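Structure record follows, encoded as structure tokens.
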Amino acid sequence: MTTSKRLVSAALALSLGLGIMCSCSDDGLPALDMNVQHSDIYVERNEAVGDDFIMGVDVSSYFSEIESGVTYYDFDGNVLDNQGFFDLLAECGVTHVRIRVWNDPYDSSGRTFGGGHNDTDTAALIANLAGNAGLKVILDFHYSDFWADPSKQMVPREWADMDLEQRGDALYDFTYHTLGYIADQGADIDIVQIGNETTNGFCGYEDWPSMTSLMQRGSEAVRDFDGSIRIAMHFANPERENAYSFYADQLNTYGVDYDIFASSYYPYWHGSTENLTEVLSYVAETYGKQVMVMECSWSYTLQDGDGFPNTIGEGSDGIENYRISPQGQADMLSAVTRAVTDVGSAGIGICYWEPAWIPVEVACREDGTIDNAIAESNMILWNRNGSGWASVFADEYDPDDAGVYYGGSAVDNQALFDFEGHPLESLRTFHFIRTGTDAPVPEATSTPTPTPVPVTAEGEVVVNGGFEDGLNDWEITGFNTEDASSNARTGSGSLHFYSADGSDDFTAVQLIDLEPGTYEFSAWVEGGDSGDSDQIGVDITVNGTIYDGHSSVTGWQQWSQIVISDIEITEPTTVSICIYVHNPTQGVWGAFDDVSMVPS
Ligand code: CA
């Protein structure tokens, strides 16, 4: 904690409690009109959404945005003060505000790591405004000094030298005291998340016995603080075969006490809503848990607003799932809500991730090009106020990711406010889902681009390289064709791998008789959660000479090509192609497709 940070917090605190009074119902929320609403976007009423259904938003970056000079407006164009912003959320049908908590998101000189610098003080400011607006709070403990997600779960620096038991005690104390501090702001804490997207680790540990023992300490702290607060465990990648059943089984096996199994769901990465319903239903029914979607979002434009590239833009995979418009955002929210209510009464809610993380200053021109001078001045604000996803100072803690890729908002085109801070009609979807709207049903979107059909290259020597004929013609260890279609690059077959505990070894071998010549080999691979690039690859053996190619994997349907050129065959011989995943990282998954070898 630094002096400058305290001054900022004090200044912001002065503005608390000045909110607009509204006509409120018993629970503090505005009394919303439950008749069919007038709108220019179409939303079908979901009659399965009950009074208690959670319509959440995560606006953790809010204060760093305000500190950077961002202005938010209401639907009439009036400038909102801090309380007015949270009141607007409530008027749009939001019921919960999700707030992330980092232990100490500052460098050794007290400079912000960015991402909203959500320490307990910042979280408390947001919780206070949420409470005044009648909104309940979901606290999202990362138990890290910065972002924790499937790619990293770094321990807070202060706890780094502690053993497991000491770290558990520290985690308990931090949880208990933070809850007290937040509750003192007048916040109504409904849900506490023990960890954020703890798919591959938790608080510096990657083995389930250690992870779950720390999770249980967090759970105990919440129960001891207030037995009425619900405890959520949060994971990502519902599309990964057997992943959620595995996580839920680990939590059960090691005795973690929790109420809600929560999932991230980004439609461009995380499979179909039908699959989401299926995997959440399994956990709900098998373990008697409530389930919800803790993060989701969708783009209303493919334009970048602030000069820092966005996660989703032109050419991104999966953007055909919904329209790229406020209507598309409403359609996504409706579909995700439906996926949760289809679970039944155990499906308790949804939460939109960072709908207010807009450009600190708009850097894109009307023609879509970026004004570099504004982008550069934005960088100063991101670094000073923490309003980008990571500041240059995060290098000290997270050199490999934030230290390299620091910058602004990668989700400004997925906000529910436009680049200038005006609310989009889609912000009202949270209310509309309970009422329906009077807009005409939009024309059906063009059906998603069909998966391309495999083309057999001239001179192709690999048989069944597209796995359209299952695993025939391959000698298989470990690999399978489950989920082959959802993981296929072309057609409906693929060569799938998943190692829950990292003990598996995968090989797919084909022997091919070749005539003399020069050949080029190619294969495509997608997937995630591999620790390094060496474990996934291909060996081609020609008379004792091994040609090796390998690739890391970066996500579902994010295809990387492995190319091996200039394979010289001097006399007729039998060549071995061996596709492999050796010494896999715990949880690694993915698929190969379109394996090809042709004369070059
Ligand atoms: Ca951006």
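Indexing begins at 1, ligand by ligand and atom by atom, following the structure's order. Residue numbers start at 1 and run along the sequence shown. This one's a predicted model, so the numbers in the text were calculated from it and none came from an experiment.
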Test side-chain contact (heavy atoms from CB on, under 4.5 Å) applied to Ser108 - qualifying residues, sequence neighbours left out: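 Partners of Ser108 under the side-chain contact (heavy atoms from CB on, under 4.5 Å) test: Glu396.
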Sorted by chain and number, protein N/O/S atoms nearer to the Ca ion (ligand 1) than 3.0 Å are Asp304 OD1, Asp306 OD1, Phe308 O, Asn310 OD1, Ser409 O, Asp412 OD2
Would you please name every residue forming a side-chain hydrogen bond (donor to acceptor under 3.5 Å, both in side chains) with Asn118, sequence neighbours left out? Arg100
Holding to side-chain hydrogen bond (donor to acceptor under 3.5 Å, both in side chains), I want the full list of residues that pass it with Asp145, two or more places apart in sequence or in another chain.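 Here the qualifying residues are Arg157.
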Using 30° and 60° as the class boundaries, would you call the ring planes of Phe113 and Tyr397 parallel, tilted or perpendicular?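 Phe113 vs Tyr397 ring planes: parallel.
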Is it true that a side-chain atom of Asp188 and a backbone atom of Lys136 form a donor plus acceptor pair closer than 3.5 Å?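 Not at all, since once roles are kept as given, no pair shorter than 3.5 Å links the two residues.
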Check: Phe235 ring centre within less than 6.0 Å of Tyr247 ring centre: yes
